[in-house]
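Just so it is clear, the structure is predicted and the values come from calculations on it, not from any experiment. Atoms considered below: every heavy atom in the structure, side chains included; atoms not considered: hydrogens, waters and symmetry mates. Protein chains get the first letters and strands the later ones, always in sequence-line order, with residue 1 at the start of each.
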Protein chains: 2
Amino acid sequence: MSITREKIIELGEDLIRTKGYNAFSYQDISSELGIKNAAIHYYFPSKENLGTSIVKTNIQRFEEMTDNMRSRGFDEWHQLETFIKIYTKSHREQKRCIVGSLGPDIPSLSDNTVSELKRMSNIILEWLTNTLATGREKGIFAFKEDPQIKALLILSSLIASLQLARLIDKIEYKSFCNAILEDLRI
Amino acid sequence: MSITREKIIELGEDLIRTKGYNAFSYQDISSELGIKNAAIHYYFPSKENLGTSIVKTNIQRFEEMTDNMRSRGFDEWHQLETFIKIYTKSHREQKRCIVGSLGPDIPSLSDNTVSELKRMSNIILEWLTNTLATGREKGIFAFKEDPQIKALLILSSLIASLQLARLIDKIEYKSFCNAILEDLRI
DNA sequence: TTGCAAACTTACTTAGTAGTAAGTATATTT
DNA sequence: AAATATACTTACTACTAAGTAAGTTTGCAA
């Protein structure tokens, strides 16, 4: 694969996660990479191709992570801890997650991008639901709600807190994430 | 106050909550209201003025609601229930809340709009923190976390779930909101 | 060495954006 | 009746966006 193509995807993801899909332009990418606007169109004929590719890359990354955790025999607590670390890292870097960034812009996304984004959300939610359910069966987690509802509660908290962090300065992000985990302790 | 001005604010809020700040234009408003583009500039010289006014209107509305609940002697459970109803209503109407809509677009908002948005977030969070703390003292709510952390968890869940609702169809929004309330039951 | 494909650049179009200056009709005040 | 303010419209500017067509360089293969 071309190095320029990879750089465009990487920078595009960054821009989506900081400025948002509608707020960034091909200009932002071309000037940063020292190439011309049309060079981006060479790899991604339209902005929707770029958007879709970025989401697909993220799905792949997420699946690699969960596969990796499973093959390394992480228990459910450890898996959830690792998952939450993605968000603390994003918070440190002042970025949001892809789902939280593209979600608000759904009305201006193409059908292809939206369907990939839906696929991604469902993959994450299914993994989380599964991890919670299995963890509770094994006696690792304790919670009274339905696993899917609980998964949704946790995912919502993580996504929105990255956004709220920009609005409310006094957020202690670590305590926040800790509270999510501690809430599940037996 | 002018009726056109009020209509512009109302429609503007709607557009922000459905399409997003960067995705709507003065054209969207003018064509819908049957006026010319420049008429909007007459009331709101720049888009930032409109944005700021919309946030201010929302702050006022929120404060009227909480004042009203207090003066009518609602207990904390009833107050929280009423607050959550704002989100179930938004969900029914397929809209997000103002904080959840403008939050993602902070990098493209003016300083004035951002500071009003921060003020709004803090007012909501302070009210929620306060309600949770008082409710727990009175023995109405049960939770182990710090009230501010708990408030943040609840607010994040409510905000993000409106966004996720567009991505994950099988969300049972009522059960979701119910889970938030039930989690606080003694 | 010629041919060809990959990876671009140059130079452009089209469409939409916020914003403005100047004019006009209507109602209100003096 | 004259002056003035309100609430707009007309007609524009300046700019930025995505996207495209055609040309250029570079490396490799026949």
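With respect to B:Arg61 and B:Glu64, no salt bridge is recorded, no charged nitrogen being found less than 4.0 Å from a carboxylate O. A salt bridge between A:Asp28 and A:Lys19 is present, with a side-chain N of the basic residue lying under 4.0 Å from a carboxylate O of the acidic one. A salt bridge links A:Glu116 to A:Arg119: one of the charged nitrogens lies within less than 4.0 Å of a carboxylate oxygen. Contact check on A:Glu13 versus A:Lys95 returns no salt bridge, with no Lys/Arg side-chain nitrogen under 4.0 Å from an Asp/Glu carboxylate oxygen.
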Polar-atom pairs under 3.5 Å, protein N or O versus N or O of nucleotides 10-14 of chain C: list them with distances, or write none.
none

Protein-nucleotides 3-6 of chain C N/O pairs under 3.5 Å:
none

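Here C:dT20 presents its P atom at 14 Å from CD1 of B:Ile40, a figure rounded to the nearest Å. Here the C1' atom of nucleotide D:dA17 and the CD atom of A:Glu48 are 16 Å apart, to the nearest Å. Here the C1' atom of nucleotide C:dC8 and the CZ atom of A:Arg5 are 16 Å apart, to the nearest Å. Taking atom CG of residue B:Leu50 and atom C1' of nucleotide C:dG19, one finds them 14 Å apart after rounding to whole Å. Rounded to an integer number of Å, the gap from B:Tyr43 OH to C:dG19 C1' is 18 Å. The interatomic distance linking B:Ile35 (CD1) with D:dC8 (P) rounds to 7 Å, in whole Å. As a whole-Å value, the separation of B:Gln27 CD from C:dA15 C1' is 11 Å. The interatomic distance linking B:Leu33 (CG) with D:dA7 (P) rounds to 15 Å, in whole Å.
Checking D:dG19, C:dT17, C:dC8 against every side-chain atom of A:His41, the shortest atom distance belongs to D:dG19.
The ring-ring contact (aromatic ring centres under 6.0 Å, His included) check on B:Tyr42 picks up nothing, with sequence neighbours excluded.
Of the residues in residues 11-26 of chain B, not one comes within less than 4.0 Å of DNA chain D through any heavy atom.
A close approach under 4.0 Å does occur between a side-chain nitrogen or oxygen of A:Thr4 and OP1 or OP2 of C:dC8.
Taking CG of A:Leu117 as the reference point, atom NZ of A:Lys56 lies at 13.0 Å (rounded to 0.5 Å).
A cation-pi contact links B:Lys47 to B:Phe24, judged by a cut-off of 6.0 Å to the six-membered ring centre and 45° from its axis.
The stretch residues 174-186 of chain A participates, sequence neighbours left out, in these salt bridge (charged side-chain N to carboxylate O under 4.0 Å, His left out) pairs: A:Lys150-A:Asp183, A:Glu182-A:Arg185. Applying the ring-ring contact (aromatic ring centres under 6.0 Å, His included) test to residues at least two apart or on different chains, the pairs with a partner in residues 140-186 of chain B are B:Trp77-B:Phe141, B:His91-B:Tyr173, B:Tyr173-B:Phe176.
Ring planes of A:Phe62 and A:Phe83: perpendicular class, angle over 60° (limits at 30 and 60°).
In this structure, A:Gln94 places its CD atom where only 12 or fewer heavy-atom neighbours from other residues, nucleotides or ligands lie under 6.0 Å away.
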